[in-house]
Amino acid sequence: EKLRRKKKNRQRAIRRSLPFFIAMGMLTVLVWMLLIGCVASMPNNLVGILLPLQLKDGLADFGATLYGYLNSLNGLVVIVFTPILTVLLRKLTEIPKCVIGLLLFVAGIALFSAGNVVPLLFIGMFVFTVGEVVTVLGSNPYASRRIPASHRGRIGGMASVVLSVFSSLT
């Protein structure tokens, strides 16, 4: 009887500490996800700051107008290609989508850095925006599958603050 009680108490102690271990494991994944998200947001921050400067210096009077056209293309690509990419990439898991998206980010930035050749800037914006969409298609489901519904609001708010602070530092 005494041995049975000890065993039952030990099982209760393990059950009580289980949420802590689950939370610690989840916390590690979320911290890594947040750090990777900060690094992944850098290209977007840099394009928003450096591209207008590049266009102003290289194309003088036409630079601001071209920047407006490029941002219009960005919005159009997001609206038109999000459903198409969602269907095309539905068989991939989240991590490959994020990797593909980040590679497209880099390819878009490489095209921007090729100079102020207008067709290359439009191709670069298209590639960059497709990368942005693919990254979101991978990162949001990754987070929602790993964060319990009861904590999504709190963790989402915390992630938003951390990403905002990080983007102000880059």
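With sequence neighbours excluded, the residues forming a side chain to side chain contact (heavy atoms under 4.5 Å, CB included) with Val78 are Asn74, Thr82, Thr129, Val133, listed by chain and number.
Note on Phe122 and Val77: same hydrophobic cluster, where clusters join Ile, Leu, Val, Met, Phe, Trp and Tyr whose side-chain heavy atoms are under 4.5 Å apart, directly or indirectly. Hydrophobic cluster membership is shared by Phe112 and Leu76, with clusters built from Ile, Leu, Val, Met, Phe, Trp and Tyr side chains linked at under 4.5 angstrom. Both Val80 and Val134 belong to a common hydrophobic cluster when Ile, Leu, Val, Met, Phe, Trp and Tyr are linked at side-chain heavy-atom distances under 4.5 angstrom. Residues Leu73 and Ile79 are members of separate hydrophobic clusters, defined by side-chain heavy-atom contacts under 4.5 angstrom among Ile, Leu, Val, Met, Phe, Trp and Tyr.
To the nearest 0.5 Å, atom CD1 of residue Ile84 and atom CG of residue Leu89 are 11.5 Å apart. The line from NZ of Lys97 to NZ of Lys91 is 12.5 Å long, rounded to the nearest 0.5 Å. With rounding to the nearest 0.5 angstrom, the CG atom of Leu51 is 8.0 Å from the CG atom of Asn71. Note that CG of Leu66 and CE of Met125 are 9.0 Å apart. Values are rounded to the nearest 0.5 Å.
For the residue pair Gln54 and Leu121, the shortest heavy atom distance occurs at NE2-CD2, 4.2 Å. Minimum heavy-atom separation, Gly138 to Cys98: C-SG, 3.6 Å.
Checked against Leu104 for a side-chain contact (heavy atoms from CB on, under 4.5 Å), the options Val99, Thr135, Ile109, Val127 give a single hit: Val127.
Screening residues 52-107 for ring-ring contact (aromatic ring centres under 6.0 Å, His included), with sequence neighbours left out, gives Phe81-Phe126, Phe105-Phe128.
Counting non-hydrogen atoms of neighbouring residues, nucleotides and ligands closer than 6.0 angstrom, the CG atom of Asp61 reaches no more than 12 such neighbours.
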